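The next block holds one structure in the form of structure tokens; read it before the comments.
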Amino acid sequence: MGNNRKRKIDISKQNKEIEVKEETSEAEEDSADDQLLNTITNEEEDCSDSEGEIEDSEDEGDQHSEEESEESDFNISEDSESNDSEGSDGSSGTEENSGDSTEEEEEDSSSSEIEEATEEKETVENKQNSKKDVKKKVFRERKTEVKTLKSSTINEKLKEKSESAGNNEYDYDSSDEEDIRNTIGNVPKNWYNEYKHFGYDWDGKKIIKPEAGDHIDEFLKKMEDPDFWRTVKDPQTGQNVILSDEDIQIIKRIKAGKIPDVSFDEYAPWIEWFTRDVMQTPLRKFPEHKRSFLPSKDEAKKVSKFVHALKMGWIKTREEAALLRAKKEPQFYMLWQTDDQAEEMRRIHKHIPAPKSFTNISAFTTHAESYNPPSEYLFDDREMKQWDKHKDAPWKRKLHFVPQKYDSLRQVPSYKRYIKERFLRCLDLYLCPRAIKMKINIDPEDLVPKLPSPKDLQPFPTTLSVEYKGHTDMVRTISTDKMGQYLLSGSDDGTVKIWEVNTGRCLKTIKMDDIVRSVEWCPNNALSLVLIASGKKVVLINPHIGDYLVCSKTDSVLQEASKIASVMSERVKSTVEWSQPEDALYKSGVRLMLTHFKDVTQVTWHGKGDYFASVMPDGQNRSVLISQISRQSSQLPLTKSKGLVQCVLFHPTKPCLFVATQRNVRIYDLVKQTLVKKLMTNSKWISTMAIHPAGDNLLVGTYDRKVLWFDLDLSTKPYQVLRLHGTAVRGVAYHKRYPLFASGSDDRSLIISHGMVYNDLLKNPLIVPLKRLEDHQQTNDFGIFGVHFHPLQPWVFSSGADGTIKLYSN
Amino acid sequence: MVSKKKKKFSSGEGAKYISRRAALRKLQVSLREFRRLCILKGIYPREPRNRKKAQKGDTGIKTLYHIKDIQFLLHEPIIWKLRDIKTGSKKIAKARALKDYEKIHKFNNSYPVLKLDHIVKERYPTFIDALRDLDDCLTLCFLFSTFPSMKHIPRDQSQLCRRLTTEFMHYIIEAGVLRKVFVSIKGYYYQAEIKGQTVTWIVPHHFSFEPQNRAEVDFKLMSIFVEFYIVMLGFVNFRLYHSLNLHYPPKFPSLSATNIEKQLVDEDVFVSERVAALNYSIAKNSNDIVEEDVAIDDFCNEDDPEKLAEAKKEAESIENLKTLFKGLKFFLNREVPREPIVFMLRCFGGEVSWDKLLFVGATFDENDESITHQIVDRPSVDNKYTSRYYVQPQWIFDSINNRELMPVKKYFMGEILPPHLSPFTNKGLTDIYMPLEERALHDPTLLEEIHKKDKEAEDSEKNDIAENNDDDHIDESESDIESAEELQENDTKKKLSVAPGKVTKEDPQQKGKEARQEYRLREKMVKNKHKRLYKSMMQNKLERKKEIWLLRKKRRLHEEAKNEKNQKS
């Protein structure tokens, strides 16, 4: 581009005669749009000359370099032609310039005056006027003006030429030669800041800068000069230029985005030169080539290839392709001919259908899930806190979502976990092991056995009637006399007390040396004896209560018995030592004393009242001792230790001994000296046991909260296990006459139950818990120790760790 | 001769099951293929009776399949198709790596297609079986119909889902078998009764799709499910349409008549849009009307006359439901979710339209004077027509669930809506909490109470709660106190004196307490075998009771707060 321009300049320098340069803005007007601002600011004398401006802008940045270069090439050739023609023969008429000659007359005058900077504006005005005239002559073409000053002689010559030329086909200049009036070239204009002139014109004269006034002058001009608003500065020559009305109109049109040329008709009817219609005459002058009437061999080859490919099915027509696509999509037809008849085919083995996903939504969940639930379903603060707490363990949450309330449907957002939930369901469907599970649909009440109402099973003790207070420590053991008039109790405070049952009065207190672990009144009516186990000693005491005759007779019987010298083996002798009490003791009622080698925990009478058994748990194979009062001798029934003996019992009628070790109960026949039965309790530790007066049923209490009912005729396993208590059972008892039994435990409760044993062997005992009585105080985690029924009445005694004995009556 | 010693686990539980790893080895497939196979064929792991034996003495937990299920898979033809797919995709991958586009094209065209028709028939021997299993299918298809195109999901899957689900909705509309609807925070629950089977499905709310964490949701897996469900739903639709004599795929009878002047650019698109609008009835194959409804015979000698009466009542209410919106004209405002509401209204005979610009298929304009109801979901509307009710969408849901038109008054535009209750209640359970509104539905007299906001109701509730408290918690302590009182009485009676006799009235509370004590003792006699079961059942019962108590309390607090607010204002 730069080269081109240089060449242009050179050419113009060569042909110095031709000083007139004309340009039309016509050619480039359409491209002037983006240079609008430049045009307005930079326009000097010839605002209409947009071409020059474009060139300027190109200098600044080569944006449209390619187009421009083409144009410029074209221009150069034109220019050169015209220049040549002018150069060779001016008179022959360079059409190019001749058209302009008319204006140039006026322009000459104006150009001559240019040197006087003060008059400049007037000249511009003149020029504008002249232009207007020209416009009328020349087809609405706008004129550019003179570029440089020229001599009057040449001017005249040109005038002649133009006149001779008349209406030439080149009556306007289409060249877009750059408007160069300043010859300094493309140098920064600020180099001339300090000079009065602003470069040089073609003749080498200085172009004097217009007088630059100060701000006040400027302001005055602004106020006074009506043309001030249309005065612009030409950046090339530094002269002020006043824009013409037409220029301004063009600028306005460009600003409005219209085509600058007013006369251009955008909506002119379209002339279709090249139509598909066959025309009478060809547009082109020459006929079609013969080749064009012959089918192309190359194309035929291609077509045959396609045909072959189609034939082979390598390529498909659109229809075929659509068909193929449709084939890949699922096709639906009547798969099931009937609703409910299955066709025979291989299927999944024992199919377990997946549970439906929405069937087991409970009502609670669904109401809470509503977008507008009743207010009570929304979480309060506490529930919300609970929700947050289980963030890491969401399965612990009550609901799997937080209930929300929205005022209207439009506010409901999408549910965040929806896709996740669907995904989890999918996982369940293919990954969750399936099994058929029987679901029990019963009321929990149906599991509770139907038992007769306690009201129909009266009488049984229900109310607390008497309390026996006086012991200072826990009362471990109680017993009544045969008639049920007196109550005997032994306590940890080392005393044995005898109470009147009906009044609750303490009749007698017997002080012992040690803790009293077991007391029992002699079951024989004819003897007034009580058996007391305290420490290592077992003492027989005549309480002197009740019938005087019986008491005195008891004494005499015992005295007779003491005269009999008994022979005992060494083993027995090392176990127990019989001794007669001293006088002081005798007076206090003690009749016999047995000193054992270990602590005695329990003593029990045989039903006849002659024998009694004592238990020493630490005694190894000598832990059970049976003593006979009438002979004043003892024997050890067991030779081998079978474990820690807890308690022993005599069968009420048969010569049998029940020995409860820690886990089992063994029944020995004392006559045959054999083991009859071993009862399996399946519990950890037996505490106590009681035998039914008929002798066929046994009640065993254990420290692991159970009460076991053994039917000795049935099996060695318990007939029924009663878990009535919350803690260790310490006392069990049968009533001698009524079908009642009771159990007392550490949870302070005494439970009275109905235990009916039928004479019919085929009928199992009926057991009905009747009443729970909780009156004892808890002391050191102990509740009730001893339980004893009144021998005649449906009353029950219980002794507790709180040092009281209570009588419940019906 | 000594017989050979039998090997362990060669019979019984041990021989019945096969672990997943062994199954893979036996089938000669990769885990991914096996997963696909299992999903398509509906094979699932089984819970053995004795896990240790089933795992051949191995402890821990393995995924166990029934050996027969795996043998069943061994004979499956699609196992070969899956292998073909594997090789096919390998070939394509290789061609792609070599940039051999011709080959890619060729392999793409010959990519094997899984045919699942036989599996549908095999998994669902009868049509009823398929209907029974439709819940998951519909829910997943409705979800997928909202999905954009995604990686790992075949391109046309969501479009097909959309097509099939709209077809299904058209069937529901034509058959009028929708029974219950429920708007939950998760989406719209629908329940239909098709050939005696209840089919329930959820349609999510708008904009349900969200990109998911890869560790959380595997879209590929869901897509395998959908692959099967699409085929199944297509066949089900086909049969359902034919049972109603409808043309499948859906067509419109009056389509050409109304739009003859329009040159249809793409008829398929036009039809599918109309189908999606749900607002036109679809064409029938023939004009014979299939009369399905058979009146319940009077002479059927069932033992229970009450049951019969109940069934009759039910049938009547369903008949009422089917014509619930007949003769009513609805106009939907643009903020109302169009599809669910049009679906429901059309199901029960209503005429619906909406703003023409909103969606294709609008039949009449807003200024039509014959419109009876306009569904709005905004606080106010600029120009109202006096000839119609402006109601909120919840009115439709509640009316359907109630099987009669609810009074519109409570649902007017701008009103605070009454709570929306779920119709999916378990009627069998007795000890469930019923909100006051639900009780009012069963017992209309209660309704007045709600309206008046009587204090009586609240009081009674309070009493209920108090009673509950008595029942559950304070019992024991109370008994203690009372027994102590008795003791005191005994003490005072000890003094010798004669007082005029009093008639002792039986205290009902005392009586109840005794009965409870008795029961508690009897409870101890539950058989050992059932003890645990009994305990857990009672525990659950107690929890439910507590839940009810909590709900009642919350309700009371809310009411109180509301009353206070009212009083202040």
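In the text below, chain A, chain B and the rest are named by the order of the sequence lines, each starting its count at 1. Hydrogens, waters and symmetry mates are skipped; everything else that's a heavy atom, side chains included, is used. Given the structure is predicted, the values throughout are model-derived calculations rather than measurements.
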Using a 4.5 Å cut-off on heavy atoms from C-beta on, say whether the side chain of [Y] contacts that of [X].
X         : Y         : result
Leu335(A) : Tyr124(B) : no
Ser208(B) : Ile419(A) : no
Glu369(A) : Tyr189(B) : yes
Ile442(A) : Met537(B) : yes
Asp133(B) : Pro353(A) : no
Leu409(A) : Phe397(B) : yes
Glu518(B) : Pro454(A) : yes
Arg417(A) : Lys186(B) : no

Treating [X] as the side-chain partner and [Y] as the backbone partner, does any N or O pair qualify as donor plus acceptor under 3.5 Å?
X         : Y         : result
His530(B) : Leu447(A) : no
Arg239(B) : Trp336(A) : yes
Arg46(B)  : Ala435(A) : no
His367(A) : Ser422(B) : yes
Ser408(A) : Asp377(B) : no
Asp135(B) : Lys356(A) : no
Asp407(A) : Ile416(B) : no

Given a strict heavy-atom distance threshold of 4.5 Å, which part of [X] is in contact with chain A: side chain, backbone, both, or neither?
X         : result
Pro393(B) : side chain
Leu160(B) : side chain
Val526(B) : both
Ile43(B)  : both
Val236(B) : both
Pro418(B) : backbone
Leu521(B) : both
Phe147(B) : side chain
Glu122(B) : both
Tyr248(B) : side chain
Leu233(B) : neither
His75(B)  : side chain
Asn213(B) : neither
Leu221(B) : side chain

**Asked** Which is it for Tyr44(B) and His351(A) under the ring pair (Phe, Tyr, Trp, His ring centres under 6.0 Å) test, yes or no, and what are the steps along the way?
**Response** CA-CA 9 Å; Tyr44(B) 39 84; His351(A) 178 52; 5.7 Å; yes
At a heavy-atom separation under 4.5 Å, does [X] approach chain B through its side chain, its backbone, both, or neither?
X         : value
Leu429(A) : both
Ile348(A) : both
Pro449(A) : both
Lys316(A) : neither
Ile436(A) : neither
Gln411(A) : neither
Arg425(A) : side chain
Asp446(A) : neither
Met334(A) : both
Ile751(A) : side chain
Tyr333(A) : both

Please report the shortest heavy-atom distance between [X] and [Y], naming the atom on each side.
X         : Y         : result
Pro419(B) : Pro373(A) : CB-C, 3.8 Å
Tyr406(A) : Ile185(B) : CE1-CG2, 4.0 Å
Ile767(A) : Met525(B) : O-CE, 3.7 Å
Tyr430(A) : Phe225(B) : CB-CZ, 4.0 Å
Ser414(A) : His206(B) : CB-O, 3.3 Å

May I ask you to say whether [X] pairs ionically with [Y], meaning some side-chain N is under 4.0 Å from a carboxylate O?
X         : Y         : result
Lys437(A) : Glu47(B)  : no
Glu383(A) : Lys554(B) : yes
Glu445(A) : Lys541(B) : yes

**Item:** Residue, of Asp136(B), Leu421(B), Asp69(B), that accumulates the most heavy atom pairs under 4.5 Å with chain A
**Value:**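 If we count pairs closer than 4.5 Å to chain A, Asp136(B) comes out on top.
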**Prompt:** Do you see a donor-acceptor pair shorter than 3.5 Å between the side chains of Gln394(B) and Tyr371(A)?
**Reply:**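 Per modelled atom types, Gln394(B) and Tyr371(A) side chains form a pair under 3.5 Å.
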**Message:** Using 0.5 Å steps for rounding, measure from the OH atom of Tyr415(A) to the CD atom of Glu210(B).
**Reply:**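 Atom-to-atom, Tyr415(A):OH and Glu210(B):CD are 12.0 Å apart.
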**Centroid-centroid distance, Phe72(B) to His349(A), less than 6.0 Å** =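 Between His349(A) and Phe72(B), which both carry aromatic rings, the centre distance is not below 6.0 Å.
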